[in-house]
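Report on the following structure.
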Amino acid sequence: MMGEQMNRKRIVLIDGNSMIANAFYGMPSNAADAVIRLIKGILERREADYLAITFSAEDGGGTLTEKALLQQKERLKELSDSLSISVLSEKGYESAELLASLAKSCETEGGDIQIISEDKRLLQLVRDHVTVHIPSMGEEGLVLKSYSPADIEGEFGLEPVKLKGVFSLTKANGIGEKTACQLIKQYESIKNLFDHLEEVESLRIKEILKATEKEIKEEEKRNTLRDDCSLRLDDSNSISEAEIRQIMDMDFVPADFPDEENQESLEDFPVHLVTDFSEAETIFSKCLPDSRLGLHLVIEDKAITALSLCLGQAQCYCIIPQGFLTSEYLAGKAEEISKKAGHVTVLDLKSQLPFLKLEAGSPVFDAGVAAYLLNPLKDSYAYYDLAADYLDMTIPSRADLIGKSSIGRALEEKRDAAVSCIGYMSYVAYRCGEVLPEELKKNGMDTLFYEIELPLIYSLYSMESAGIKVERDRLKEYGDRLKVRIMELEQKIYEETGETFNINSPKQLGEILFDHMKIPGGKKTKTGYSTAADVLEKLAPDYPVVNLILDYRQLTKLKSTYADGLAAYIGPDERIHGTFNQTITATGRISSTEPNLQNIPVRMELGREIRKVFVPKEGCVFVDADYSQIELRVLAHMSGDQRLINAYKQAEDIHAITASEVFHVPLNEVTSLQRRNAKAVNFGIVYGISSFGLSEGLSITRKEASEYIEKYFETYPGVKKFLDGLVAEAKEKGYAVSMFGRRRPVPELKSSNFMQRNFGERVAMNSPIQGTAADIMKIAMIRVDQALKKQGLKSRIVLQIHDELLIETYRDELEQVKELLTEEMKHAADLLVSLEVEANVGESWFDAK
DNA sequence: ACTATCACG
DNA sequence: ACGTACGTGATAGTC
């Protein structure tokens with residue numbers, strides 16, 4: 001039937017039942033039309049040679065019980081008929097089973113099958129020429145998520161055929177998808193799992209399995225899809241070009257299903273697609289020393305997928321590797337033109353440096369970082385956000401154009417959309433290169449940008465490239481040790497509470513503690529009882545089991561986030577190369593992701609141990625340096641409070657001195673309690689003081705807390721005046737400002753909501769302090785990084801943790817590095833109080849702290 | 001996707 | 001009367 005073509009016939013099968021149900025959710029009144037629109041989209045894009053829609057023969061016992069739903073189903077059948085789209089069903093078979101049968105027969109006959117259904121059970125069918133698309137709600141409305149065998153492997157870690165077991169297990173209350181995948185990975189099938197039930201390590205899981213064995217096995221039957229129906233596709237199911245045209249001509253509901261529909265803007269925005277070598281050569285030859293470029297390399301899997309280049313309003317190119325025009329050639333050319341051109345603007349310089357290989361000081365402008373300075377509160381600085389904010393243009397977003405697909409894939413499947421998406425990138429960069437420098441200047445942030453943020457990009461890139469060495473085996477041992485103790489604690493907790501439950505579930509834990517065990521003082525949150533550490537700690541003296549739970553929490557946190565979490569990021573070079581983000585925080589700090597290397601445990605002994613696996617490479621040691629109370633010193637400087645400044649001039653222990661001055665006792669008579677209180681007040685000041693916050697932090701009454709604050713302000717009147725001034729300034733201007741001109745908008749100050757406004761005031765007090773400290777650290781980082789390179793040293797900064805820098809130091813460079821690091825940090829800013837730096841040397845991060 | 005929790009400065 | 005300390009990111013559970 002499929003003919004003897006070389007190319008596989010493209011067969012699209014739509015699960016009428018489940019798609020109706022899915023569309024019904026969003027728009028009950030015209031669910032059928034939504035499905036028809038989806039079909040029209042497929043036909044319009046010429047994505048199918050054969051198309052059919054399937055329905056279960058029986059309705060009654062199935063899921064389609066609601067009347068309205070049934071109506072929609074009938075309407076969909078009618079509409080399909082009128083468009084001569086094949087409607088298939090067979091007695092005794094569910095819709096999903098028809099799909100399974102058809103996929104099987106078509107696949108053996110050499111078809112390429114796309115199944116569209118909301119029924120996850122169909123994922124079992126995925127194989128080389130069978131793709132399943134599952135609709136889900138994305139940011140931009142409904143999107144189809146596609147599953148190839150590799151996608152299944154990536155998401156579940158299993159072959160598609162084994163998914164049945166996973167789906168059956170997750171029906172049991174208490175087993176999540178992750179656990180289910182792990183069990184199936186280990187035991188292959190449900191049957192084998194129950195045959196080896198005694199081997200299951202977790203007592204809790206074992207209990208659940210025993211209790212729900214029957215349900216699970218029944219569920220497995222439901223998840224077993226028959227694929228033996230007699231229906232076959234034949235030429236009556238094929239779609240001819242004439243038929244498509246006819247369908248398209250039929251007046252029908254406007255398409256608001258995903259994809260497409262954005263090409264009209266191509267009219268006034270021409271992107272020239274270039275795939276020809278000599279044409280590319282001609283374009284590159286136009287990049288001269290007096291040129292200004294907008295440039296963006298699309299980098300996927302460490303190779304260039306596309307080069308977007310803009311030389312002027314009407315000269316925007318999307319250059320794609322093809323034939324002689326290789327990805328490697330484009331890489332070389334990109335580097336060459338970016339070095340030759342008089343000025344280059346990019347959207348995100350750090351991401352481009354692996355290919356552009358520029359050095360600090362190059363005439364490059366980073367539009368994303370500039371936009372971040374202009375408004376650090378945005379959550380994206382993508383091309384369409386920049387266009388909307390600074391070019392007064394509304395252009396389709398990447399998701400509008402190509403959904404969640406990679407650019408590389410979109411170039412194959414949705415060429416036009418991908419080309420405009422790529423084109424926009426350099427176009428927006430180019431235009432931002434005209435607008436944003438002016439904008440920065442107007443807002444007094446040009447020095448901040450050119451002297452700090454721009455050079456910092458290179459230092460962050462250097463730090464990411466360096467990465468940090470982590471001892472894989474030792475980390476594994478650490479995780480294994482935790483596992484043993486976790487399982488012991490788990491047992492004890494089950495014994496003490498007399499129940500077997502998921503300790504990680506705050507819901508279950510709260511019910512066990514406060515309902516079953518009737519422990520008093522259960523504080524309710526929105527969703528139930530709070531089981532947060534500070535709540536449990538208060539119960540610990542009376543209920544020993546609570547201590548076990550706290551220990552369990554600590555250990556599982558260490559295991560999942562750190563032992564297992566970090567292990568997943570160790571590369572083939574034995575190092576972790578995290579990402580340091582420059583455009584995330586509201587205050588100007590950098591942030592760290594994948595993994596977060598700025599929250600590695602240190603406060604608790606057991607957690608701190610993790611730092612032993614962070615080690616310098618052969619021939620190196622770590623030098624770690626951190627600022628001592630940089631934020632309080634910034635406060636002393638910015639407020640100009642003479643007494644606080646004097647305190648720092650003599651200071652050994654600032655918290656003790658504060659206590660001495662605030663409580664009017666000689667320094668050597670300050671009690672540890674007084675010191676602790678003074679320390680909390682110091683923190684409170686930096687956070688934007690409030691008596692409520694302080695009382696929480698110190699477990700004292702609000703009244704006592706306000707007294708402390710009052711005394712503090714009496715002692716340091718300059719600080720009070722300064723903080724009041726910050727709030728007033730932020731109210732007037734609408735933003736708070738750091739010493740180096742960094743701004744943080746504080747719209748909350750205008751809020752009519754008391755709580756919001758209060759928050760705004762604290763932000764107005766905290767942001768300039770936290771922001772100035774961040775500025776100073778950035779200056780230090782740049783200088784240290786540049787000094788290392790200028791002096792020809794091989795040592796490199798490997799981590800920044802807000803007030804701390806870690807340098808992997810070659811042993812023969814140790815003295816020089818120690819000196820340079822502390823000196824640059826101390827002198828990064830000239831304040832009324834000195835900046836003090838503590839430096840340590842060690843064979844691991846643990847040792848160097 | 002959202003909430004609760006907890007790791008860091 | 002109101003009811004939170006400032007700034008982050010990852011994980012697990014729940015819906």
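In the text below, chain A, chain B and the rest are named by the order of the sequence lines, each starting its count at 1. Nothing here was measured: the structure is a model prediction, and the numbers come from that model.
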Just compare [options] and give me whichever is closest to any side-chain atom of [X].
X        : options               : value
A:Arg553 : C:dG13, B:dC6, B:dA7  : B:dC6
A:Asn766 : C:dC15, C:dG7, C:dT11 : C:dG7
A:Val763 : C:dT4, C:dG9, C:dC6   : C:dC6
A:Gln770 : C:dT14, C:dC6, C:dT4  : C:dC6

Starting at atom [atom1] of [X], determine the distance to atom [atom2] of [N], rounded to an integer number of angstrom.
X        : N      : atom1 : atom2 : result
A:Glu804 : B:dC8  : CD    : C1'   : 10 Å
A:Met765 : C:dA5  : CE    : C1'   : 10 Å
A:Asn758 : C:dC6  : CG    : C1'   : 14 Å
A:Leu632 : C:dC6  : CG    : P     : 17 Å
A:Lys679 : C:dC6  : NZ    : P     : 19 Å
A:Ile769 : C:dC6  : CD1   : C1'   : 10 Å
A:Leu558 : C:dT11 : CG    : C1'   : 13 Å
A:Gln508 : C:dG13 : CD    : C1'   : 9 Å

Report task. Indicate yes or no: does A:Lys612 engage A:Glu609 in a salt bridge with an N to O separation below 4.0 Å. Result -> yes
Query - Sidechain N-carboxylate O distance under 4.0 Å for A:Asp534, A:Lys538 - result: no
Any non-hydrogen side-chain atom of [X] less than 4.5 Å from a side-chain atom of [Y]?
X        : Y        : result
A:Phe614 : A:Phe846 : no
A:Arg485 : A:Asp551 : no
A:Leu835 : A:Tyr627 : yes
A:Ile590 : A:Gln598 : yes
A:Ser628 : A:Arg633 : yes

Query raised in the report: How long is the span from the CG atom in A:Leu698 to the NZ atom in A:Lys679, to the nearest 0.5 Å?
Result: 11.5 Å
Could you check whether [X] gets within reach of a base, just the sugar-phosphate, or nothing at all, counting any heavy atom under 4.0 Å?
X        : answer
A:Ala680 : base
A:Gly688 : nothing
A:Ser560 : sugar-phosphate
A:Phe754 : base

Which parts of [range] get close to DNA chain B, meaning a heavy atom less than 4.0 angstrom away?
range                       : answer
residues 584-610 of chain A : A:Arg589, A:Gln598, A:Asn599, A:Ile600, A:Pro601, A:Val602, A:Arg603
residues 528-537 of chain A : A:Ser530, A:Thr531, A:Ala532, A:Ala533
residues 694-710 of chain A : none

Query raised in the report: So does A:Arg744 get a side-chain nitrogen or oxygen closer than 4.0 Å to the phosphate oxygens (OP1/OP2) of C:dG7?
Result: yes
Requested in this report: Please check the phosphate of C:dT14 (OP1 and OP2 only) for any side-chain N or O of A:Ser505 closer than 4.0 Å.
Outcome: yes
Query raised in the report: Would you say the side-chain atoms of A:Arg589 pair up with the backbone N or O of A:His802, donor to acceptor, closer than 3.5 Å?
Result: no
Requested in this report: Keeping the roles fixed (side chain from A:Gln582, backbone from A:Glu453), state whether a donor-acceptor pair exists under 3.5 Å.
Outcome: yes
Query - Step-by-step salt bridge (charged side-chain N to carboxylate O under 4.0 Å, His left out) determination, A:Lys703 to A:Glu707 - result: CA-CA 6 Å; A:Lys703 192 152 175 284; A:Glu707 281 166 17; 3.8 Å; yes
Report task. Verify the neighbour count for atom CD of A:Glu696: are there more than 12 heavy atoms of other residues, nucleotides or ligands below 6.0 Å? Result -> no
Query - ring-ring contact (aromatic ring centres under 6.0 Å, His included) against A:Phe514, all qualifying residues, sequence neighbours excluded - result: A:Tyr529
Query - A:Tyr716: ring-ring contact (aromatic ring centres under 6.0 Å, His included) partners, not counting sequence neighbours - result: A:Tyr712
Requested in this report: Take atom C1' in B:dC2 and the same atom in C:dA5, then report the distance between them in whole Å.
Outcome: 24 Å
Query raised in the report: What interatomic distance, in whole Å, is found between P of C:dC2 and the corresponding atom of B:dC6?
Result: 27 Å
Query - Stem list, DNA chain C (Watson-Crick or G-U pairing under 3.5 Å, at least 3 consecutive pairs) - result: B:1-9 with C:6-14
Requested in this report: Give a yes-or-no answer on whether the side chains of A:Glu704 and A:Thr701 include a donor-acceptor pair shorter than 3.5 Å.
Outcome: yes
Query raised in the report: Is there a donor and acceptor pair, one atom on the side chain of A:Arg762 and one on the base of C:dT4, closer than 3.5 Å?
Result: yes
